[in-house]
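Shown next, in structure tokens, is the structure this report addresses.
Quick note: residue numbers are just sequence positions, from 1.
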Amino acid sequence: MKIYYSPASPYVRKVMVVAHELGLADRIERLPSAAGPVQRDATIRRYNPIGQVPTFFTDDATVLYDSRVICEYLDDLGGGHFFGTGTERWRNLIDAALGDGLLGAALLARYEAVLRPESLRWADWSRGQIEKVTDAVDHMEGMNLGARLDIGTVTFGCGLGYLDFRFPELDWRTGRPRLASWYADFAQRPSMMATAPTG
């Protein structure tokens, strides 16, 4: 198996956390990429028209994207329970959608701040994206996450880790003691430590 990879991508991290938890990480070859929202990677576009990471190749050369699809493939391959069944599955998918929404908004705010020319930056746009992030984190604070390990909590963990990595000034822990405590434990999982973002 192979994956087009960026060590800073929270979506790649989500895939690799699941792979580590299922004992599959050592079977995945990491392919370098230059994917970006402006300068798109022509090599990835040959296989994924969106040109984004993660783009994944199964052993039979089937191409998979996006991160949630890849995670579900790995879960099936590894005999995991990250998605669950019945009512639990819907809960996990809804939570994953919340985590992905946080990530999407955070990435848009990041791109606005570092890629858009300063004279074209739109403060209201950035504020709107950050409000989505804080609303998502506020909602997570009210949840009883306990010792759950599923696609929802993995996405939450990668999302909060991305906030620490790219938005430390948000100080998301303040006023959210339950979530901060949960994340402190979750971040110590070997899968999370092995996939900490860099770059």
Does the side chain of [Y] come within less than 4.5 Å of [X]'s, by heavy atoms?
{"X": "His139", "Y": "Asp135", "value": "no"}
{"X": "Val53", "Y": "Tyr5", "value": "no"}
{"X": "Asp95", "Y": "Met140", "value": "no"}
{"X": "Phe56", "Y": "Lys2", "value": "no"}
{"X": "His20", "Y": "Arg189", "value": "no"}
{"X": "Lys132", "Y": "Leu102", "value": "no"}

Rounded distance (nearest 0.5 Å) linking atom [atom1] of [X] with atom [atom2] of [Y]:
{"X": "Met192", "Y": "Cys158", "atom1": "CE", "atom2": "SG", "answer": "5.0 Å"}
{"X": "Ile151", "Y": "Phe82", "atom1": "CD1", "atom2": "CZ", "answer": "7.5 Å"}
{"X": "Leu163", "Y": "Asp171", "atom1": "CG", "atom2": "CG", "answer": "11.0 Å"}
{"X": "Gln52", "Y": "Ser33", "atom1": "CD", "atom2": "OG", "answer": "11.0 Å"}
{"X": "Ser191", "Y": "Glu21", "atom1": "OG", "atom2": "CD", "answer": "3.5 Å"}
{"X": "Leu160", "Y": "Leu103", "atom1": "CG", "atom2": "CG", "answer": "9.0 Å"}

Discussion item. Applying side-chain contact (heavy atoms from CB on, under 4.5 Å) to Val69 and Tyr65, what does each step give before you reach the verdict?
Written reply: CA-CA 6 Å; Val69 173; Tyr65 47 85; over 6 Å; no
Discussion item. If you apply the rule side-chain contact (heavy atoms from CB on, under 4.5 Å), what do you find for Tyr73 with Asp76, and how did you get there?
Written reply: CA-CA 5 Å; Tyr73 172 81; Asp76 182 65; 5.7 Å; no
Cluster link [X] to [Y], ILVMFWY, side chain under 4.5 Å:
{"X": "Leu93", "Y": "Val154", "value": "yes"}
{"X": "Leu98", "Y": "Leu108", "value": "no"}
{"X": "Met1", "Y": "Leu64", "value": "yes"}
{"X": "Ile50", "Y": "Ile3", "value": "no"}
{"X": "Val114", "Y": "Val133", "value": "yes"}

Show the nearest heavy-atom pair for residues [X] and [Y], with the distance to one decimal.
{"X": "Tyr47", "Y": "Thr55", "result": "CB-CG2, 4.5 Å"}
{"X": "Ala109", "Y": "Gln129", "result": "CB-CB, 4.1 Å"}
{"X": "Arg173", "Y": "Ala180", "result": "CG-CB, 3.8 Å"}
{"X": "Arg166", "Y": "Ala8", "result": "NH2-CB, 3.8 Å"}

Discussion item. Pair Leu107, Tyr11 - check side-chain contact (heavy atoms from CB on, under 4.5 Å), show working.
Written reply: CA-CA 11 Å; Leu107 282 166; Tyr11 295 108; 3.2 Å; yes
Short question: side chain of [X], backbone of [Y] - any donor-acceptor pair under 3.5 Å?
{"X": "Glu112", "Y": "Trp125", "answer": "no"}
{"X": "Arg13", "Y": "Thr195", "answer": "yes"}
{"X": "Arg30", "Y": "Ile28", "answer": "yes"}
{"X": "Glu141", "Y": "Arg178", "answer": "yes"}
{"X": "Arg121", "Y": "Ala113", "answer": "yes"}

Before accepting this row, confirm whether a basic side-chain N of the pair [X]/[Y] lies closer than 4.0 Å to the acidic partner's carboxylate O.
{"X": "Glu72", "Y": "Arg89", "answer": "yes"}
{"X": "Arg148", "Y": "Asp150", "answer": "yes"}
{"X": "Arg46", "Y": "Asp41", "answer": "no"}

Item to complete: Taking the six-membered ring for Trp and the single ring otherwise, decide whether the centroids of Phe57 and Tyr4 are under 6.0 Å apart.
Response: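 Centroid distance Phe57-Tyr4: below 6.0 Å, so yes.
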Discussion item. Between Trp90 and Phe83 (judged by ring centroids, cut-off 6.0 Å), do the two rings come close enough to count as a pair?
Written reply: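 Ring centres of Phe83 and Trp90 not closer than 6.0 Å.
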Worksheet item: Should the heavy atoms of other residues, nucleotides or ligands under 6.0 Å from CG of Asp185 be counted, would the total exceed 12?
Response: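 Yes, enclosed.
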Discussion item. For Glu169, is the CD atom crowded, meaning more than 12 foreign heavy atoms sit under 6.0 Å from it?
Written reply: yes
Item to complete: Go through the structure and list residues passing salt bridge (charged side-chain N to carboxylate O under 4.0 Å, His left out) with Asp60, not counting sequence neighbours.
Response: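 Per chain and number, Asp60 pairs via salt bridge (charged side-chain N to carboxylate O under 4.0 Å, His left out) with no residue.
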Fill in: Steps toward side-chain contact (heavy atoms from CB on, under 4.5 Å) verdict (Val17, Val15)
CA-CA 6 Å; Val17 167; Val15 168; over 6 Å; no
Item to complete: Check Phe156, Phe167, Tyr183, Tyr162 against Trp172 for a ring-ring contact (aromatic ring centres under 6.0 Å, His included) and give me the one that passes.
Response: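 In the set Phe156, Phe167, Tyr183, Tyr162, the residue that makes a ring-ring contact (aromatic ring centres under 6.0 Å, His included) with Trp172 is Tyr183.
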Practice prompt. Show your working on salt bridge (Lys or Arg N to Asp or Glu O under 4.0 Å) between Lys14 and Asp66 and close with a plain yes or no.
Written response: CA-CA 11 Å; Lys14 180 169 58 164; Asp66 62 3; over 6 Å; no
